[in-house]
2 protein chains.
Amino acid sequence: MFETQKIYKTYEQIALRIREAIASGELKVGERLPPEAELARQFGVSRPTVREALKVLEALNVLESSTGPAGGTYVKELDYLGVADYLKDSLRLLLSVEVVTLEDLISAREAIEIPAVGQAALKRNQDDLHALLKTLEEGEAKDFDALISDLPFHRAIAVASKNQIFSLFMSSIHMTVQTLTRRYVMPEAKETSQAQHWKIYEAILNGNKEEAEVQMKEHLHFAYHEVYQQAIPRRESFKGTGLS
Amino acid sequence: MFETQKIYKTYEQIALRIREAIASGELKVGERLPPEAELARQFGVSRPTVREALKVLEALNVLESSTGPAGGTYVKELDYLGVADYLKDSLRLLLSVEVVTLEDLISAREAIEIPAVGQAALKRNQDDLHALLKTLEEGEAKDFDALISDLPFHRAIAVASKNQIFSLFMSSIHMTVQTLTRRYVMPEAKETSQAQHWKIYEAILNGNKEEAEVQMKEHLHFAYHEVYQQAIPRRESFKGTGLS
DNA sequence: CTAATGCTATTTGTTTGACAAAAGTGGCCT
DNA sequence: AGGCCACTTTTGTCAAACAAATAGCATTAG
């Protein structure tokens with residue numbers, strides 16, 4: 001058995017070294033990297049090579065750049081939002097080639113959100129309850145879109161669960177589902193959905209894990225049958241992009 | 001309220017257009033893009049700019065390049081493995097800045113794997129059972145590492161669940177946990193773990209969803225207490241990378 | 001004295017052109 | 001026929017310059 005060692009290209013090595021510098025704490029979040037020209041000098045490569053490495057790390061949500069004297073390249077704060085965004089795009093692509101289905105998304109959502117709401121019921125604090133209440137009130141206000149008002153509430157639950165992995169998975173799945181469903185749903189569906197939100201909130205307020213999980217399950221099943229069942233796959237057309 | 005529209009840089013626009021071409025089916029998986037020089041001509045930009053766009057898409061696991069006449073840039077096949085790899089790296093970074101903890105990973109794993117094994121018990125077919133059996137036998141054979149032999153079994157369960165989102169989430173979490181835990185565990189722990197694997201397999205074989213879930217829960221709790229509890233955060237030292 | 005305005009320096013963004021390296025392809029020599 | 005070598009295509013890297021954006025500073029007008 002021959003170990004075929006991966007040969008890294010120069011720009012990959014640079015990207016790797018910068019990533020290691022971040023992982024090791026040598027470069028901290030928010031810190032500014034030397035200018036590209038200086039980096040090129042330090043690494044002993046040309047600026048385009050450094051730039052390719054930087055672009056890779058920007059794509060991976062690790063760095064961000066801007067022009068100007070106060071600009072430059074900075075180590076981006078690492079939160080789950082950037083990752084969720086990438087995950088959403090990937091899921092959408094996986095969906096488009098049909099290796100995952102809407103049903104898969106729904107059942108993954110159930111797998112995540114039911115334990116999440118259980119944890120939320122146990123770990124919620126005053127801030128969480130306040131945040132949840134706020135999303136509920138705002139949900140009452142805007143009567144036009146049940147799906148849009150759905151996300152903040154569920155997001156707040158994930159936050160209350162104190163597990164950012166739940167937030168991450170939940171957000172990406174929810175965003176993916178949203179790109180697939182109509183922006184418009186029946187007013188009655190919205191009312192039922194909102195009433196269920198209140199029940200879930202009550203269970204969380206009371207710290208009742210089991211009740212919260214039961215209510216969430218019911219809510220998700222309702223959402224699936226009444227809303228997502230009528231989901232219409234968005235047909236996309238991006239002709240004429242200039243590629244042969 | 002002023003709508004501050006995002007200004008895209010040239011290379012971002014190029015990356016976007018290529019992505020759209022893929023999403024719309026204009027560029028299919030496995031297809032070869034024109035050479036960089038030709039792309040530059042078509043888009044009316046310079047080659048370095050095109051390259052930066054391509055590097056971004058390579059980083060996002062959408063394209064891959066190689067040199068030579070038969071080389072060039074190809075649209076990469078989209079499977080969950082590449083995404084899982086990215087997710088693993090991200091989780092590891094999130095872990096390093098302590099926005100997620102080992103406990104978060106464990107509880108997310110439970111959230112995913114218990115429903116996954118339930119689905120597997122319902123949907124498994126002959127191929128799945130055969131694959132599971134194979135991982136079990138191989139697990140018996142190699143006596144050196146319980147953690148390594150753990151992954152294939154759990155992966156096979158995710159496959160049997162017929163939901164690639166479970167596979168994706170499970171793999172990334174499992175890989176992340178692995179980078180944190182000792183490579184070495186007690187032989188007794190390994191034996192218990194293997195015995196639990198067999199019980200899970202039996203439940204899946206019998207199509208007994210509830211039993212499979214119960215056994216999995218027990219297995220995960222055991223793994224957590226007996227194995228991961230003694231996890232030692234890997235201290236990394238990447239000094240002298242040449243960054244000031 | 002203050003506030004607006006424009007200048008300047010710094011840094012990323014983009015272009016041009018060239019050469020290096022890798023890797024199939026085909027022909028030539030044995 | 002088989003192996004070796006040169007050629008061709010394509011990505012990878014380098015170099016030097018200019019363009020664009022932007023923050024800070026100085027200058028000037030009110």
Side-chain angles (χ1 to χ4, degrees), chain A residues 2 4-19 21-22 27 30-76 242-244, chain B residues 2-18 21-22 27 30-76 242-244:
Chain A
F2 294 99
T4 56
Q5 181 179 335
K6 166 143 189 171
I7 300 295
Y8 285 102
K9 285 150 196 168
T10 311
Y11 75 89
E12 289 175 326
Q13 289 179 40
I14 307 278
L16 206 56
R17 285 170 72 177
I18 295 176
R19 257 169 69 145
I22 294 170
L27 280 171
E31 199 167 332
R32 180 189 188 172
L33 275 71
E36 291 173 355
E38 174 63 15
L39 283 175
R41 198 190 59 72
Q42 286 182 14
F43 286 122
V45 299
S46 69
R47 194 156 83 92
T49 303
V50 167
R51 275 183 67 80
E52 287 183 7
L54 295 179
K55 291 312 143 203
V56 166
L57 294 178
E58 281 175 44
L60 295 179
N61 241 295
V62 173
L63 300 177
E64 63 186 342
S65 310
S66 56
T67 62
T73 308
Y74 291 83
V75 180
K76 211 169 171 180
L243 286 170
S244 70
Chain B
F2 296 97
E3 285 295 327
T4 57
Q5 181 180 334
K6 166 141 190 171
I7 299 296
Y8 286 102
K9 285 149 197 169
T10 312
Y11 75 89
E12 289 175 326
Q13 289 179 39
I14 307 278
L16 206 57
R17 285 170 72 178
I18 295 176
I22 294 171
L27 280 171
E31 199 167 332
R32 180 187 187 174
L33 275 72
E36 291 173 356
E38 174 64 13
L39 282 175
R41 199 191 57 73
Q42 286 182 15
F43 285 121
V45 298
S46 68
R47 192 156 84 93
T49 302
V50 167
R51 276 184 66 80
E52 287 182 6
L54 295 179
K55 292 312 144 203
V56 166
L57 294 179
E58 280 177 43
L60 295 179
N61 239 296
V62 172
L63 300 178
E64 62 186 343
S65 309
S66 56
T67 61
T73 309
Y74 290 83
V75 181
K76 212 169 170 180
L243 285 170
S244 70

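All chains are named by letter (A, B, ...) in the order of the sequence lines, taking the proteins before the strands, and each is independently numbered beginning at 1. As a basis for the values below, the full set of heavy atoms in this structure was taken, side chains included, without hydrogen atoms, waters or symmetry mates.
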* Just checking B:Gly72: base, sugar-phosphate only, or nothing, at a heavy-atom cut-off of under 4.0 Å? -> sugar-phosphate
* **Student check: side-chain heavy atoms of A:Leu33 and A:Ile18 closer than 4.5 Å** => yes
* **Validation row: B:Gln13, B:Val45 side chains within 4.5 angstrom (heavy atoms)** => no
* To do: Start with the C-alpha distance between B:Glu36 and B:Thr73, add both sets of side-chain angles, then the distance that settles side chain to side chain donor-acceptor pair (under 3.5 Å), and finish with yes or no.
  => CA-CA 8 Å; B:Glu36 291 173 356; B:Thr73 309; 5.0 Å; no
* Taking atom P of C:dT14 as reference, at what distance in whole Å does atom NZ of A:Lys55 sit? -> 8 Å
* **Contact check, side chains of B:Glu58 and A:Val56, non-hydrogen atoms, under 4.5 Å** => no
* **N/O (side chain, A:Ser66) to phosphate O (OP1/OP2, C:dT11) under 4.0 Å** => no
* Atom pair distance, as rounded to whole Å: CD in A:Glu12 and P in C:dA22 -> 14 Å
* Length of the line joining A:Tyr11:OH and C:dA21:C1', which is rounded to integer Å -> 14 Å
* How do A:Thr67 and A:Gly44 order along DNA chain D: which one's closest nucleotide is nearer the 5' end? -> A:Gly44
* Ignoring hydrogens and angles, tell me if any N or O in the side chain of B:Arg51 forms a donor-acceptor pair with the backbone of B:Ser46 under 3.5 Å. => no
* Asked: How close or far is atom C1' of C:dG17 from atom CZ of B:Arg51, stated in whole angstroms?
  -> 15 Å
* Asked: Do any side-chain nitrogens or oxygens of B:Thr49 fall under 4.0 Å of OP1 or OP2 in C:dT15?
  -> yes
* Asked: Atom OH of A:Tyr74 to atom P of C:dT11: distance rounded to whole Å?
  -> 9 Å
* Which value, rounded to the nearest 0.5 Å, describes the distance between A:Leu60 atom CG and B:Asn61 atom CG? -> 9.5 Å
* Asked: Phosphate oxygens OP1/OP2 of C:dG17: is one of them under 4.0 Å from a side-chain N or O of B:Arg47?
  -> no
* Asked: Within this structure, what is the CG-to-P distance between A:Leu54 and C:dT11, rounded to whole angstrom?
  -> 14 Å
* Structure fact -> Under a 4.0 Å heavy-atom criterion, DNA chain D is touched by chain A from D:dG12 to D:dA23
* To the nearest Å, give me how far apart CD (A:Glu36) and P (C:dG13) are. => 6 Å
* Does the distance from a Lys or Arg side-chain N to an Asp or Glu carboxylate O, for A:Lys55 and A:Glu52, drop under 4.0 Å? -> no
* To do: Please work out if B:Pro35 contacts a base, only the sugar-phosphate, or nothing of the nucleic acid, heavy-atom cut-off 4.0 Å.
  => sugar-phosphate
* Asked: Distance check: side-chain N/O of B:Thr10 vs OP1/OP2 of C:dT14, anything under 4.0 Å?
  -> yes
